[in-house]
Enquirer: 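Here you go, one structure.
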There are 2 protein chains.
Amino acid sequence: MALDERKKVILQAVVEDYINTAEPVGSRSISKKSDLNLSAATIRNEMGDLEEMGLLTQPHTSAGRVPSTLGYRLYVDNLMQKYEITASEVEKLQDAVELKMKELDKIVRAVASTFSNITGLPVIGVLPTAETGLVNNIKVVAVDPGAIMVIISDKSGIIKNKLLRLKTETSEEYIKHLNEILNENLSGLTLSGINLNNIMKVQTAVGENPEILTSVLELVHEAVSEIDTKQIFVEGLSNIFSFPEYNNIEKVKEIFSAMENKENLTQLISAMPNNGTIKVMIGDEVPVEELKTNSVILAPYRVSDKLCGVIGVVGPARMDYSKIISVLEYFTNQLSDVLGDKFGKRNEPISALLESGSEGEE
Amino acid sequence: MALDERKKVILQAVVEDYINTAEPVGSRSISKKSDLNLSAATIRNEMGDLEEMGLLTQPHTSAGRVPSTLGYRLYVDNLMQKYEITASEVEKLQDAVELKMKELDKIVRAVASTFSNITGLPVIGVLPTAETGLVNNIKVVAVDPGAIMVIISDKSGIIKNKLLRLKTETSEEYIKHLNEILNENLSGLTLSGINLNNIMKVQTAVGENPEILTSVLELVHEAVSEIDTKQIFVEGLSNIFSFPEYNNIEKVKEIFSAMENKENLTQLISAMPNNGTIKVMIGDEVPVEELKTNSVILAPYRVSDKLCGVIGVVGPARMDYSKIISVLEYFTNQLSDVLGDKFGKRNEPISALLESGSEGEE
DNA sequence: TGTTAGCACTCAAAGAAACAGAGTGCTAAA
DNA sequence: TTTAGCACTCTGTTTCTTTGAGTGCTAACA
């Protein structure tokens, strides 16, 4: 059976009506709402065809039709209109970015939170990670008599720091010494490169006060492993309360427990293609068992060549794909721009003075 | 009417049965379970009396009895037995503390999370805050050519740091200069002390590069205000799903929205007495409208003389007061000990070398 | 006087039956 | 090819009935 123009129009109408109402769509309402000027009976016939083609399904014999995964897929790939971002949405994004100009992590979270707000959906995100955490520079600073801070900067521009509380005071010279030895031995190494071998080397080089050294090395290790560990977060999960799909306690419990499980989130994220495009997973295309009645849309963002992350939404398969995809695209593009400006192109001899920003601490 | 010994035993039995089963307690089950050897009819009479005294209520005429707020209160104040902490609970706490020996914030959160785990209840907590954030020392460090870090230490021992990304490089001398000026002008000031006046003074003292200075001052301000702002967190809220009280979507929505509201949390926390004791709020004693069917138990912990925080639980009025109070007491005591050792007594000339720890960053 | 057995009564929760309404598929006519 | 009409199906809601746990009261008993 061919999918002629009229069938497409009807399919689109069904999908959009269902997205709005969450109720199975009957022939009569399509007949009235669409401008095809066809009677309910005709629509009925067409809908029968669409069902036969696997694009629509009936929850039960005498109910209206609901899009199938395939139906949504066709809609997303071919039928839907591009949603135009509104001024107010742009403004909200701007506010989120402006307000938190200070920290990389916080900008991403603020943008994610705003996105969750605009779409009314739970958002899942991954903070910027480097592909390989190469130690660039290690700095040990005496903060006050009882504490030193270890600051590790990574080749891709991430900076992490750790505080070390001491019970005895250390001398300026010792710290200077420590700085030199650490940089000599660890610069340019990856996480896996910082192994027992190197540590032994550093330890013999420093000689005295091995306890402080051990702690410092531990912190360096921790920092580097944080740099190339994907940190996944979920924002606005309680947004699902607003969907009739989740007006039942069992469903709510299910999605909460599913989203609290790190493994599930990792699995979702790992479904991202690495060609920089948006990934739309509809219904049973979602690779997590407990989420197969939902859809997931993910988009990548980039900070610099080496740093990237992901933002996306999770929600009922009946979601406003058009709007969400447009807004998500816009948000991740903007995010890439803003972050890229601030963190990516630091070596350019721009005359402008500075941009303030802090990230990745603790 | 007098509350004789037998009535007390019966009240206790009712409360404990209700805590376990969540079902209104009938006279027959008390007659069987308690070792009073009385018939259901006798118990019935006594329960009638207890109801008259306002200690028990009936959900409806032909149901069993349920403790009233007053009944719980009497139970908590006079009747309940002290719960003995189990070895496994001690062990879990130890694990939580050991595992995260590095950071003040994280230890508190880890303990809170473990506590939530053991009690099966949502936990509410406040990170350590100082009563007045007096600036002790400001350190500006060049991390790499494009970034400087500002580290602010507070008189009470909290250390915060902020990263500042630059587009131009700065000289070592400028940074040294900055360090001196900042400490000269801002040491010993409180948040409110860092006002336009001081800032102007610093600005004229530095002279060149006012943009960097402005940013640095902004960061200092931010850091100090973070130090004396109460940071409230909630852990394990989805634990409420395991209570029959919350097997209904409306209730779940209600508690989620109530607990997402910062104002409510602040209101709860502000109900803490400042004499260092545990606060138990039962049912309508809870000062938040949406939580009046629940109970809240809060306990303070101290890091040093000036630093303190709060940990507690929120859950159905039918909660295991005995266990929760004992465990909470134990946890906060341990927390105070551990943190006090690490962060409070740093000036003692202890021969031991060091303890590692980091906190308050970002 | 305190305790207990017995009984009538109450009420919520669960199940069964009746009903309304939205939607379908099919047939026959336009 | 489209449409009107009609019988049929199925869900959700309402109403009624039944069941069972629990009470309060009364009268008898120790």
Side-chain angles (χ1 to χ4, degrees), chain A residues 1-7 9-11 13-15 17-18 20-53 55-68 71 244-245 247-249, chain B residues 1-11 13-15 17-18 20-68 71 244-245 247-249:
Chain A
M1 197 178 314
L3 187 73
D4 57 27
E5 200 51 40
R6 197 168 74 179
K7 284 197 173 57
V9 173
I10 291 171
L11 175 60
V14 171
V15 173
D17 199 60
Y18 186 63
N20 286 327
T21 64
E23 296 292 332
V25 184
S27 53
R28 220 173 103 78
S29 75
I30 296 293
S31 158
K32 274 196 278 185
K33 286 181 199 169
S34 85
D35 38 8
L36 284 168
N37 280 326
L38 292 173
S39 77
T42 310
I43 304 283
R44 211 138 59 222
N45 291 331
E46 295 285 39
M47 282 165 82
D49 292 351
L50 287 167
E51 178 161 7
E52 214 173 298
M53 295 162 81
L55 298 169
L56 296 178
T57 54
Q58 275 181 301
H60 57 86
T61 330
S62 66
R65 301 306 207 292
V66 163
S68 66
E245 280 86 345
N247 63 0
N248 137 6
I249 192 76
Chain B
M1 198 178 311
L3 188 72
D4 58 27
E5 200 51 39
R6 198 170 71 178
K7 284 196 172 59
K8 283 188 191 169
V9 173
I10 291 172
L11 176 59
V14 171
V15 172
D17 199 61
Y18 186 63
N20 286 326
T21 63
E23 296 292 334
V25 184
S27 54
R28 219 171 103 80
S29 75
I30 295 295
S31 159
K32 273 195 281 186
K33 283 181 201 170
S34 86
D35 36 9
L36 285 168
N37 280 324
L38 293 173
S39 76
T42 311
I43 305 283
R44 212 140 55 224
N45 290 331
E46 295 286 39
M47 282 166 81
D49 292 351
L50 287 168
E51 179 161 7
E52 215 173 298
M53 296 162 80
L55 299 168
L56 296 179
T57 54
Q58 274 182 301
H60 55 86
T61 329
S62 66
R65 301 304 206 294
V66 163
S68 66
E245 280 86 345
N247 63 0
N248 137 6
I249 191 78

Enquirer: Taking only residues at least two apart or on different chains, which pairs with a member in residues 21-31 of chain A satisfy salt bridge (Lys or Arg N to Asp or Glu O under 4.0 Å)?
Expert: none
Enquirer: When you measure from every atom of DNA chain D, which of residues 26-47 of chain A have a heavy atom less than 4.0 Å away?
Expert: A:Asn37, A:Leu38, A:Ser39, A:Ala41, A:Thr42, A:Arg44, A:Asn45
Enquirer: Grab the CD-P distance between A:Glu23 and C:dG21 for me, whole Å please.
Expert: 16 Å
Enquirer: For B:Tyr18 and B:Val25, work out which heavy atoms get closest and say how close.
Expert: N-CG2, 3.8 Å
Enquirer: Whole Å only: how far is the CZ atom of A:Arg65 from the P atom of C:dA22?
Expert: 18 Å
Enquirer: Rounded to the nearest angstrom, tell me the gap between atom CD in A:Glu51 and atom P in C:dC26.
Expert: 12 Å
Enquirer: Of the non-hydrogen atoms in A:Gly64 and A:Pro59, which two are nearest, and what is the gap between them?
Expert: O-CD, 3.4 Å
Enquirer: Please collect all side-chain hydrogen bond (donor to acceptor under 3.5 Å, both in side chains) contacts where either partner lies in residues 44-58 of chain B, sequence neighbours excluded, each pair once.
Expert: B:Arg6-B:Glu46, B:Lys7-B:Glu46, B:Lys7-B:Asp49, B:Ser27-B:Arg44, B:Glu51-B:Arg65
Enquirer: So how far off straight is the helix from C:dT1-D:dA30 to C:dA30-D:dT1, going by the axes through five pairs at either end, to 10°?
Expert: 20°
Enquirer: Starting from P on D:dC25, measure out to CD on B:Glu52 and report it in whole angstrom.
Expert: 10 Å
Enquirer: Restricting both atoms to N or O, compile the protein contacts to nucleotides 14-16 of chain D shorter than 3.5 Å, with distance only.
Expert:
none

Enquirer: D:dG12 C1' sits how many Å from A:Asn248 CG, rounded?
Expert: 16 Å
Enquirer: Let me confirm one number: the CG-CG distance from B:Leu50 to B:Leu11, rounded to the nearest 0.5 Å.
Expert: 5.5 Å
Enquirer: Please name the pair of heavy atoms, one in B:Met47 and one in B:Gly26, separated by the smallest distance, quoted to 0.1 Å.
Expert: CE-C, 4.3 Å
Enquirer: In sequence, state the C-alpha distance, the side-chain angles, and the governing distance for A:Leu55 and A:Leu3, and then conclude on side-chain contact (heavy atoms from CB on, under 4.5 Å).
Expert: CA-CA 10 Å; A:Leu55 298 169; A:Leu3 187 73; 3.9 Å; yes
Enquirer: Can you build the contact string for nucleotides 8-18 of chain C? Use B for base contact, S for sugar-phosphate-only contact, and - for no protein heavy atom under 4.0 Å.
Expert: --BBS------
Enquirer: Give me the atom names and distance for the closest heavy-atom approach of A:Pro67 to A:Leu56.
Expert: CA-CD2, 3.8 Å
Enquirer: What I'd like to find out is whether the side chain of A:Leu38 reaches to under 4.5 Å of the side chain of A:Ser31, using heavy atoms alone.
Expert: no
Enquirer: Check whether more than 12 heavy atoms from other residues, nucleotides or ligands sit under 6.0 Å from atom CG of B:Asp35, and answer yes or no.
Expert: no
Enquirer: If I take atom CD1 from residue B:Ile43 and atom CD1 from residue B:Ile10, how far apart are they, to the nearest 0.5 angstrom?
Expert: 4.0 Å
